[in-house]
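Heads up: the structure comes next, in structure tokens.
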Amino acid sequence: MNTKIEVNQLTKVFFKRNESVEAIKDVNMNITDGEFVCILGPSGCGKTTLLRILAGLETPSTGQFTIHQSSKEKPLQSMVFQEQGVIPWLTVEQNVSFGLKMRHVPKKIVKERTNYYLEKVGLRKFAKLYPKELSGGMKQRVSIARAFANDPEILLMDEPFAALDEQNKFILQEELLSIWEESKKTVLFITHSIDEAILLSDRIFLMSSQPGTIVQEKKIDLPRPRRMEEVRANEEMAKEFVEIWQHLQTEVQSSRLK
Ligand SMILES: Nc1ncnc2c1ncn2[C@@H]1O[C@H](COP(=O)(O)OP(=O)(O)OP(=O)(O)O)[C@@H](O)[C@H]1O
Ligand SMILES: [Mg+2]
């Protein structure tokens, strides 16, 4: 299996006036091409910082990372944010095709790919609407469709479903899995939900409290396609859930003492 993302000793220190904040420290990761990896960690441990570095939105203080490219034509990464990931003055369709148009992809391909992903996320009928006319779940569908339509080397997702109600979340998780299984993209996904991480991941990385580093790795050996009902009923996964829960509890407590 080919390595897609390599992260070596990545550290980020932020400077605010006279203070410095070490957000992440010595993060190491090796993610295989096509793998779905979730990162779980206490609030403030540097998950968003790590993703922003991989997205090129932030520079590391020390350390390096490499995203192995399969084609010079493709963008390196697309990012899906928790909220506000859509451009308010563009329609649903224009949002989804935005990245492709920016790269001057031929019009016919833009149209085909946009329609394909709009169909996949159930938004074909809403193509001409503006974000303000959409629900929160529909906006996240637009972000997901845009990210996949853009055909990046890797997908970075920062708690994309955190603001959704449970029902909408389950539906979007299954839609995401179905698109991912077909596209075989490498995904790095941040979540606070252990259930979500177990449902989605091939591997889960657990982070320590700030400065965040990866302290444990868990392989999720469940057949795919997966459904939440089956995952919940699996005894092995129930044990994993408790172990991860305990880890997070310990890290949250230790971050309060720092
Ligand atoms: N631009 C910035 N300037 C200064 N400090 C920052 C900046 N961005 C993040 N930080 C600090 O870095 C640390 C990690 O922040 P980050 O947002 O990466 O955490 P997180 O794990 O994503 O948290 P959450 O789970 O709450 O989203 C925090 O202490 C935060 O205050
Ligand atoms: Mg965050």
Side-chain angles (χ1 to χ4, degrees), residues 5 7-29 31 36-65 67 77-86 136-137 139-140 143-144 147 154-166 168-169 172-173 176 186-201 203-218 241 243-258:
I5 311 174
V7 176
N8 293 309
Q9 297 293 107
L10 214 61
T11 296
K12 177 72 186 178
V13 184
F14 288 110
F15 294 97
K16 279 193 250 183
R17 290 176 211 100
N18 296 330
E19 269 178 58
S20 64
V21 179
E22 199 171 30
I24 55 169
K25 190 180 165 67
D26 297 337
V27 172
N28 291 301
M29 299 192 293
I31 299 177
F36 201 123
V37 170
C38 279
I39 295 185
L40 271 171
S43 186
C45 77
K47 302 179 295 296
T48 296
T49 303
L50 173 61
L51 228 64
R52 285 176 57 82
I53 293 174
L54 295 177
L57 300 170
E58 209 74 75
T59 47
S61 302
T62 54
Q64 316 84 37
F65 71 91
I67 299 167
Q77 62 291 84
S78 285
M79 186 136 166
V80 179
F81 299 91
Q82 181 174 346
E83 281 174 291
Q84 292 154 354
V86 288
K139 280 187 225 169
Q140 286 313 75
S143 296
I144 292 170
I154 65 165
L155 268 156
L156 301 167
M157 306 182 103
D158 193 0
E159 300 194 54
F161 307 144
L164 303 181
D165 62 86
E166 285 284 290
N168 245 311
K169 195 157 84 171
L172 262 87
Q173 285 165 342
L176 170 64
T186 311
V187 180
L188 192 53
F189 187 107
I190 292 175
T191 177
H192 270 117
S193 158
I194 304 174
D195 273 331
E196 182 166 76
I198 293 177
L199 174 73
L200 299 176
S201 307
R203 261 190 309 160
I204 301 175
F205 291 145
L206 298 181
M207 285 181 78
S208 66
S209 60
Q210 193 199 8
T213 195
I214 290 162
V215 284
Q216 243 190 83
E217 197 187 298
K218 289 193 173 281
F241 183 101
E243 270 183 47
I244 298 172
W245 176 264
Q246 284 165 344
H247 162 84
L248 290 177
Q249 285 288 96
T250 312
E251 291 300 330
V252 168
Q253 272 155 9
S254 88
S255 71
R256 287 195 177 162
L257 299 174
K258 275 179 186 166

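These values consider heavy atoms only, across backbone and side chains, with no hydrogens, waters or symmetry-generated copies. Start at 1 and go down the list; that is how both ligands and their atoms are numbered.
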side-chain contact (heavy atoms from CB on, under 4.5 Å) assessment of Glu217 paired with Ile204: CA-CA 6 Å; Glu217 197 187 298; Ile204 301 175; over 6 Å; no
Contacting atoms of ligand 1, where contact means under 4.0 angstrom from a heavy atom of Glu159: 25 (O), 27 (O)
Short N or O distance, Val21 and ligand 1, threshold 3.5 Å exclusive: no
Close approach, Gly46 and ligand 1, non-hydrogen under 4.0 angstrom: yes
Heavy-atom protein contact below 4.0 Å for atom 7 (C) of ligand 1: yes
Check: Thr213/Asp26 side-chain N/O donor and acceptor closer than 3.5 Å: no
For atom 11 (C) of ligand 1, closest protein heavy-atom neighbour: Phe14 CD1, 3.9 Å
Under 3.5 Å donor-acceptor, Asp158 side chain and Phe81 backbone: no
Options Thr48, Ile39, Ile24, Ile53, ranked by nearest heavy atom to atom 17 (O) of ligand 1, top entry: Thr48
The Mg ion (ligand 2) contact by Gln82, N, O or S atom under 2.8 Å: no
Ligand 1 N/O within reach of Glu58 N/O, cut-off under 3.5 Å: no
Test item: Lys47 side-chain N/O and Gly41 main-chain N/O as donor-acceptor pair under 3.5 Å: yes
Identity and distance of the protein heavy atom lying nearest atom 29 (O) of ligand 1: Gln210 NE2, 3.2 Å
Identity and distance of the protein heavy atom lying nearest atom 28 (C) of ligand 1: Gly44 O, 4.0 Å
Over all atoms of both residues, closest heavy-atom pair of Leu200 and Gln173: CD2-O, 4.1 Å
Salt bridge flag under 4.0 Å for residues Lys218 and Glu243: yes
Stepwise side chain to side chain donor-acceptor pair (under 3.5 Å) test for Thr191 and Glu196: CA-CA 7 Å; Thr191 177; Glu196 182 166 76; 2.7 Å; yes
Atom 31 (O) of ligand 1 - nearest protein heavy atom and its distance: Lys16 NZ, 4.2 Å
Closest approach of any protein heavy atom to atom 16 (P) of ligand 1, naming residue and atom: Thr49 OG1, 3.6 Å
Distance, nearest 0.5 Å, that separates CD of Gln82 from NE2 of His192: 9.0 Å
Phe65 and its side-chain contact (heavy atoms from CB on, under 4.5 Å) partner, picked from Val7, Ile5, Leu50: Val7
Within 45° cone of Phe14 ring axis and under 6.0 Å: Lys16 NZ or CZ: no
Value rounded to 0.5 Å, distance of SG in Cys38 from CZ in Arg203: 11.5 Å
Proximity to ligand 1 by part of Met207, non-hydrogen separation under 4.0 Å: neither
Polar contact flag for Ala23 and ligand 1 (N/O pairs, less than 3.5 Å): no
Arg52 heavy atom under 4.0 Å from ligand 1: no
Heteroatom proximity flag, Cys45 to ligand 1, N/O under 3.5 Å: yes
Atom 25 (O) of ligand 1: nearest protein contact (heavy atom, Å): Lys47 NZ, 2.7 Å
Per-atom contacts, ligand 1 versus His192 - under 4.0 Å to a heavy atom: 25 (O)
Option nearest atom 24 (P) of ligand 1 (shortest heavy-atom distance, choices Pro211, Ser43, Gly41): Ser43
Backbone N/O of Val86 and side chain of Lys139: donor-acceptor pair under 3.5 Å: no
